[in-house]
Amino acid sequence: MLKAFSNYKALNIYALYFHIGETEKKCFIEEIPDETMVIGKYRTQLWDKQTGSFLPATPGLGMHVEIKDPDTKIILSRQYGSDGRFTFTSHTPGEHQICLHSNSTKMALFAGGKLRVHLDIQVGEHTNNYPEIAAKDKLTELQLRARQLLDQVEQIQKEQNYQRYREERFRMTSESTNQRVLWWSIAQTLILIVTGIWQMKHLKSFFEAKKLV
């Protein structure tokens with residue numbers, strides 16, 4: 001099964017579209033801090049050979065969404081319709097893999113065809129519907145703005161914590177690599193010394209056997 005990976009780093013919101021074949025699977029990697037909500041929205045268009053263009057997909061065509069955390073643990077695996085919305089919250093900071101593929105094997109109409117998928121990803125405070133929050137909590141414009149600023153500060157703090165986490169992981173990896181290089185250099189030196197001593201003893205024994213010394 002074909003997988004195409006795209007990497008979107010340090011983004012809070014992005015939109016894109018991609019083409020997907022009958023047996024194709026598309027995966028995207030998103031770096032997400034811990035305890036961060038992510039909302040994905042998508043809509044599909046089916047290629048029509050008669051018109052030579054993409055038309056809205058039939059209701060029977062579905063998309064399967066699978067989300068894996070940095071430990072490759074599946075945190076979401078669900079079948080949706082031709083247009084859908086999925087939500088998940090990260091509990092581990094790092095690269096999350098978002099994969100989509102169609103239920104084309106169940107759709108004779110799509111067999112051998114091509115599908116265009118429009119994908120919109122929202123991360124962090126961008127997942128909040130502030131007009132709805134204002135109406136529900138009866139907030140004034142000033143209160144709503146303060147709420148938005150607090151959410152942005154919280155998201156910035158999460159991003160900073162994630163960057164510190166990445167820096168710590170990188171430092172640990174560098175220290176581990178340097179330590180392995182050091183021990184390998186020591187091992188090589190010891191092997192050379194032992195080999196040299198053995199060669200000297202062997203040559204000495206050889207010359208003594210030949211009565212050259």
Side-chain angles (χ1 to χ4, degrees), residues 3-18 20 25-45 56-57 62-102 116-174:
K3 293 186 179 181
F5 290 87
S6 300
N7 200 353
Y8 297 86
K9 298 184 178 179
L11 292 177
N12 289 324
I13 182 172
Y14 64 81
L16 57 94
Y17 75 86
F18 56 89
I20 188 170
K25 184 177 184 180
K26 293 286 188 179
C27 292
F28 303 89
I29 295 177
E30 177 70 20
E31 293 192 11
I32 306 172
D34 59 342
E35 302 303 326
T36 301
M37 178 177 286
V38 179
I39 295 179
K41 301 177 182 178
Y42 71 88
R43 60 185 178 88
T44 58
Q45 294 177 307
M63 295 292 294
H64 186 270
V65 179
E66 183 178 270
I67 313 294
K68 292 183 180 180
D69 67 5
D71 300 325
T72 66
K73 179 182 178 182
I74 298 177
I75 58 178
L76 175 66
S77 181
R78 184 178 172 184
Q79 186 77 26
Y80 294 88
S82 57
D83 296 343
R85 177 180 182 271
F86 57 91
T87 305
F88 69 94
T89 300
S90 63
H91 299 292
T92 304
E95 294 184 346
H96 287 68
Q97 184 175 301
I98 304 173
C99 296
L100 299 93
H101 64 89
S102 69
R116 174 184 287 176
V117 181
H118 297 262
L119 179 64
D120 177 25
I121 298 291
Q122 298 175 344
V123 181
E125 79 275 7
H126 295 283
T127 61
N128 295 328
N129 189 337
Y130 287 105
E132 182 179 336
I133 293 174
K136 181 180 179 180
D137 297 339
K138 298 180 180 179
L139 302 178
T140 63
E141 184 176 352
L142 181 60
Q143 291 174 328
L144 181 62
R145 182 56 181 166
R147 172 71 178 272
Q148 290 177 316
L149 290 175
L150 288 174
D151 290 342
Q152 290 176 3
V153 169
E154 182 180 0
Q155 185 63 29
I156 291 173
Q157 185 178 7
K158 289 180 180 179
E159 292 285 349
Q160 290 176 338
N161 292 336
Y162 175 62
Q163 294 303 324
R164 282 194 289 267
Y165 168 78
R166 288 186 60 191
E167 182 182 358
E168 182 181 357
R169 290 285 298 273
F170 179 76
R171 185 176 65 253
M172 292 175 61
T173 303
S174 299

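All residue numbers in this chain count up from 1 along the given sequence.
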Worksheet item: Can you check whether K73's main-chain N or O pairs, donor with acceptor, with D71's side chain at less than 3.5 Å?
Response: no
Item to complete: Go through the steps for I32 and F88 under the test side-chain contact (heavy atoms from CB on, under 4.5 Å), then give the verdict.
Response: CA-CA 11 Å; I32 306 172; F88 69 94; 4.0 Å; yes
Fill in: Closest contact, heavy atoms only, P93 versus P70
O-CG, 3.5 Å
Worksheet entry | Residue pair E30 / V123, side-chain heavy-atom distance below 4.5 Å | yes
Worksheet item: Within the side chain of K25, is there an N or O that forms a donor-acceptor pair under 3.5 Å with the backbone of C99?
Response: no
Worksheet item: Which of these, E168, R169, Q163, E167, sits in a side-chain hydrogen bond (donor to acceptor under 3.5 Å, both in side chains) with Y165?
Response: R169
Item to complete: Please report the closest heavy-atom contact between I39 and R85, naming both atoms and the distance.
Response: CD1-NH2, 3.2 Å
Worksheet item: Got F86 and R78 here, is their nearest side-chain heavy-atom distance under 4.5 Å?
Response: no
Worksheet item: Can you name the nearest heavy-atom pair linking R166 to E31, along with the distance?
Response: NH1-OE1, 3.3 Å
Worksheet entry | Y162 and K158, any side-chain heavy atoms less than 4.5 Å apart | no
Worksheet item: Hey, does I75 have a side-chain heavy atom less than 4.5 Å from the side chain of H91?
Response: no
Worksheet item: Would you find a donor on one side and an acceptor on the other, under 3.5 Å apart, between the side chain of T36 and the backbone of S90?
Response: no
Discussion item. Apply side chain to side chain donor-acceptor pair (under 3.5 Å) to residues H118 and Q45 and explain how you reach the verdict.
Written reply: CA-CA 8 Å; H118 297 262; Q45 294 177 307; 2.9 Å; yes
Discussion item. Taking atom CD as the centre, does Q157 end up with more than 12 heavy-atom neighbours from other residues, nucleotides or ligands that are less than 6.0 angstrom away?
Written reply: no
Discussion item. Apply side-chain contact (heavy atoms from CB on, under 4.5 Å) to residues V117 and K26 and explain how you reach the verdict.
Written reply: CA-CA 10 Å; V117 181; K26 293 286 188 179; over 6 Å; no
Fill in: Under 3.5 Å donor-acceptor, D83 side chain and T44 backbone
yes
